[in-house]
A.B. asks: 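Here it is: the structure, laid out below.
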Amino acid sequence: MSNNPTKQKFALTTPLYYVNALPHIGSAYPTMAADALARFKRLQGHSVLFITGTDEHGQKIQRSAEANGLDPQEHCDRIVANFDALWHKLNIQYDRFSRTTSERHHAIVREFFERVKASGDIYLDRQQGWYCVACEEFKEKRELVEGGYCGIHTNKKAEWRDEENYFFKLSKYQQKLEDLYAKQPDFIQPETRRNEVLSFVSQGLKDFSISRVNLEWGFPIPSDPQHTIYVWFDALLGYVTALVPPEQEPTLENALSQWWPINLHLIGKDILRFHAVYWPAMLLSAEIPLPERVFAHGYLTKDGQKMGKSLGNTIDPFALVDRYGADAIRYYFLKEIELGRDGDFNETRFVNVLNADIANDLGNLLNRTVNMVIKYCKGSLPKLTAEDIPNENPLKIIGLELGKRASKAYESLRLDLSCEEILTLVRASNKYIDETAPWSLNKQGKKTEVERVLYAVLESIRLSAYLLSPIIPNLSTDIYQQLGFSIDFNDRNSKDYSSVFEQHSQWGNLPANQNLNKPRPIFAKLEQPEKEDKSVPL
RNA sequence: AGCAGCGUAGCUUAAAGGUAAAGCACCAGCCUCAUAAGCUGGCGCAUACGGGUUCGACUCCCGUCGCUGCUACCA
């Protein structure tokens with residue numbers, strides 16, 4: 001009866017977040033999505049490695065630290081603690097937290113650099129031009145405003161620099177990259193992002209510089225410590241470092257032996273090029289197999305507007321979780337926004353969605369049904385199995401297809417669609433109750449019919465909770481426990497549910513005679529936020 | 001500026017030539033097992049605008065307006 005296929009491996013990453021400031025909703029969003037996918041894969045019985053982490057080098061970090069009177073490392077440690085705290089608040093179950101300031105990472109960076117150098121893809125060249133310290137980059141003359149100030153940082157005067165930098169021969173990989181995109185059409189997702197990359201690459205690739213002089217906070221170029229390795233040959237390797245089991249030596253061999261190639265890099269669209277062009281080229285140079293998929297998520301707006309410090313409309317993820325709880329936040333961002341597109345946060349909409357879907361449709365459904373079981377069936381599940389429910393039963397019809405449909409949606413990172421699919425069963429269940437009216441059946445003494453109805457509904461709730469557990473693990477656990485299970489969806493190692501996806505994702509899995517627990521609302525209805533005084537601004 | 005994409009009911013989205021759909025919000029009716037939840041119905045008289053192709057266009061073509069993204073080193 002062992003239904004345990006060979007464990008498939010699945011490794012995925014979030015971006016390694018830059019620690020120049022406290023974590024914001026823009027970091028929380030992809031991390032929640034990645035967590036949901038990781039949980040789904042674990043649910044399917046896959047062996048999962050979920051990597052997140054931080055990118056901690058660069059002049060900006062050094063500056064931020066100085067501004068706060070801190071040593072850079074101390075500064076990083078503090079910010080990292082905040083990231084970690086937020087991940088815990090949001091119930092993010094990462095497996096590895098990769099920090100680019102770790103010694104282990106240094107070792108990987110060094111080794112990787114040498115590999116690429118050995119391929120003849122690194123060379124020293126002179127770079128001259130106007131340099132903006134704030135941007136940390138060279139500017140074209142046309143990008144400067146009057147007086148030689150940076151166009152972006154108009155209070156910063158660009159400095160003339162004439163310096164030697166190390167370069168990576170990206171140009172050499174033009175054809176190989178184009179072959180890759182053609183051969184692996186799914187390498188870059190979604191489609192619009194892929195098209196952007198294709199168009200970019202087709203314009204012809206130029207080598208890019210991978211070192212800076214006058215940059216202290218970073219790793220030195222191994223053979224030439226005057227130079228510091230600049231972002232991409234440092235940060236991207238953070239994914240690789242994370243693959244080394246903690247007890248093993250940080251070598252490329254150890255890193256690549258078990259979990260490579262990474263199956264999914266979930267990133268923001270701002271760093272698409274680096275993941276979809278630079279990164280595969282670097283790996284080709286180092287003769288390392290390529291990741292499977294790079295998926296760029298969209299950006300968030302608040303009430304239809306770009307978020308920004310200057311606008312003063314940022315969303316504080318800590319405050320949001322404190323106010324509404326992790327599951328509510330996860331649900332909103334994952335269900336209401338398609339991952340590959342831009343999306344909006346609006347508190348009124350947030351409250352409406354949570355109340356409608358979670359408090360009313362799902363929460364109340366559970367509550368009303370468990371109550372009926374207690375009243376009409378003495379508190380334990382009917383002695384029935386799925387075979388006792390006719391195939392024409394509307395819930396059975398939907399339920400039997402749901403596992404497949406939801407899985408397909410999860411696989412393609414359409415978490416929104418997955419939720420929507422599941423909700424159709426939830427809604428149908430409420431409708432089914434009204435149509436069959438178990439309270440009337442009970443009065444008429446039709447015990448068997450009451451039991452069938454309640455069984456069908458409870459099983460539908462069970463399946464819905466199961467399939468939603470990657471998104472709302474706490475609520476799913478709560479539902480399962482009221483249904484009499486002792487399963488905790490936050491228990492990563494639970495043998496109770498991992499590896500038995502085939503059964504649990506199937507409608508008809510509810511055990512007969514199980515004792516239900518006392519019904520209590522799983523999610524209290526939210527109040528609409530105070531209406532802001534919206535004085536017309538015109 | 002060039003290239004690409006988008007613009008559907010108050011909101012979020014569906015519908016890739018054939019009577020424009022769903023959820024939320026709002027209103028009414030019904031029910032009572034339930035978290036004033038649920039069910040039914042209604043409202044909203046929605047395809048940015050202007051042309052064109054077609055028997056027929058949200059869908060294809062052209063133009064206008066608006067928004068977004070990309071156009072190399074934005075950690």
Side-chain angles (χ1 to χ4, degrees), chain A residues 15-20 54-61 100 127 132 134-140 152 165 167-168 170 191-193 195-210 212 218 230-232 234-236 238 269-274 277-278 296 298-299 301 304 306 335-338 341-344 346 348-349 351-376 416-417 420 423-424 427 429-442 450 453-454 457 519-525 528:
Chain A
L16 302 185
Y17 303 108
Y18 202 48
V19 294
N20 62 334
T54 42
D55 174 13
E56 308 182 13
H57 284 135
Q59 214 159 28
K60 262 185 228 167
I61 301 294
T100 58
Q127 192 168 27
C132 171
C135 297
E136 291 189 43
E137 70 187 48
F138 283 94
K139 296 288 177 184
E140 297 294 328
I152 297 164
N165 282 163
F167 284 79
F168 171 70
L170 181 65
E191 183 98 23
T192 55
R193 300 296 160 208
N195 293 337
E196 278 176 23
V197 171
L198 255 41
S199 128
F200 169 76
V201 172
S202 71
Q203 290 170 41
L205 294 173
K206 286 192 264 179
D207 300 345
F208 65 95
S209 88
I210 60 170
R212 291 286 186 275
Y230 183 66
V231 59
W232 302 113
D234 175 354
L236 288 166
K269 60 188 185 182
D270 52 330
I271 49 175
L272 175 62
R273 186 189 311 143
F274 311 113
V277 183
Y278 289 20
Y299 270 5
T301 54
K306 270 189 184 172
K335 146 78 171 32
E336 277 297 288
I337 297 167
E338 183 182 330
R341 292 202 202 182
D342 290 351
D344 187 56
N346 171 277
T348 301
R349 187 174 144 205
V351 169
N352 281 338
V353 166
L354 267 297
N355 283 346
D357 293 357
I358 302 300
N360 296 348
D361 284 355
L362 180 60
N364 183 56
L365 173 66
L366 173 74
N367 196 241
R368 66 193 300 206
T369 312
V370 174
N371 267 298
M372 283 190 277
V373 173
I374 285 173
K375 286 187 184 172
Y376 308 150
D416 58 320
L417 252 185
E420 207 54 66
L423 275 177
T424 60
R427 294 190 182 118
S429 298
N430 274 315
K431 181 173 177 169
Y432 179 68
I433 290 178
D434 271 53
E435 282 170 357
T436 53
W439 49 91
S440 299
L441 295 173
N442 183 60
V450 170
V453 168
L454 295 182
V457 174
R520 78 195 142 74
I522 54 162
F523 187 86
K525 262 189 111 159
Q528 276 299 344

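By convention in this document, chain letters (A, B, ...) are assigned in the order of the sequence lines, proteins followed by strands, and residues within each chain are numbered from 1.
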A.B. asks: Give the nucleotide from the list A75(B), C33(B), A72(B) with an atom nearest to the side chain of Lys206(A).
C.D. replies: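 The answer is A72(B).
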A.B. asks: Look at all strands and tell whether Asp361(A) reaches a base, only sugar-phosphate, or nothing, counting heavy atoms closer than 4.0 Å.
C.D. replies: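 The answer is sugar-phosphate, as Asp361(A) gets under 4.0 Å only of primed atoms, P, OP1 or OP2.
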A.B. asks: Under 4.0 Å, heavy atoms only, any strand: does Thr192(A) hit a base, just the sugar-phosphate, or nothing?
C.D. replies: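 Answer is nothing: Thr192(A) stays at 4.0 Å or more from every strand.
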A.B. asks: Tell me which nucleotide among A72(B), C39(B), G69(B) gets nearest to the side chain of Arg193(A).
C.D. replies: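 Selected nucleotide (nearest to the side chain): G69(B).
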A.B. asks: Given side chains that start at C-beta, do those of Leu423(A) and Lys335(A) come closer than 4.5 Å, heavy atoms only?
C.D. replies: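 Yes; the side chains approach each other to less than 4.5 Å.
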A.B. asks: What is the ring orientation for Phe274(A) with Trp232(A), classed by angle as parallel under 30°, tilted 30 to 60°, or perpendicular over 60°?
C.D. replies: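 Taking Trp232(A) first and then Phe274(A), their aromatic rings lie parallel (interplane angle under 30°).
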A.B. asks: Measure the CG-CG distance between Asn430(A) and Asn360(A) for me, rounded to the nearest 0.5 Å.
C.D. replies: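 Asn430(A) CG to Asn360(A) CG: 9.0 Å, rounded to 0.5 Å.
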A.B. asks: Under the 3.5 Å rule, do the base of A34(B) and the side chain of Asn367(A) count as making a donor-acceptor pair?
C.D. replies: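 Answer no: no donor N or O sits under 3.5 Å from an acceptor.
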A.B. asks: For Trp439(A) and C33(B), do the ring centres fall under 5.5 Å apart while the planes stay under 30° apart?
C.D. replies: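 Base of C33(B): stacked against Trp439(A).
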A.B. asks: For Arg427(A), report the nucleic acid contact type (base, sugar-phosphate, nothing); a contact means any heavy atom under 4.0 Å.
C.D. replies: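 If one applies the 4.0 Å heavy-atom cut-off, Arg427(A) turns out to touch the sugar-phosphate alone, with no base involved.
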A.B. asks: 5'-most contact on RNA chain B: Ala235(A) or Lys306(A), nearest heavy atom basis?
C.D. replies: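 Whichever sits nearer the 5' end wins; that is Lys306(A).
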A.B. asks: Measuring from the side chain of Lys525(A) (C-beta onward, heavy atoms only), which nucleotide among U35(B), A72(B), A75(B) has the closest atom?
C.D. replies: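 Given the options U35(B), A72(B), A75(B), the side chain of Lys525(A) is closest to U35(B).
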A.B. asks: For RNA chain B, what is the dot-bracket line, given that a base pair needs Watson-Crick (N1 to N3, plus N6-O4 or O6-N4) or G-U wobble (N1-O2 and O6-N3) geometry with both distances under 3.5 Å, and | means paired with another strand?
C.D. replies: (((((((..((((....[..)))).(((((.......))))).....(((((..]....))))))))))))....
A.B. asks: Could I get the full list of side-chain hydrogen bond (donor to acceptor under 3.5 Å, both in side chains) partners for Thr436(A), not counting sequence neighbours?
C.D. replies: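 If we apply the side-chain hydrogen bond (donor to acceptor under 3.5 Å, both in side chains) test to Thr436(A), skipping adjacent residues, there are no hits.
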A.B. asks: Nearest to the side chain of Tyr376(A), which nucleotide is it out of C11(B), A25(B), C33(B)?
C.D. replies: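 Among the listed nucleotides, the one closest to the side chain of Tyr376(A) is C33(B).
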A.B. asks: Scan Gly218(A) against the nucleic acid and name what it touches under 4.0 Å (heavy atoms): base, sugar-phosphate only, or nothing.
C.D. replies: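 Nothing, no heavy atom under 4.0 Å.
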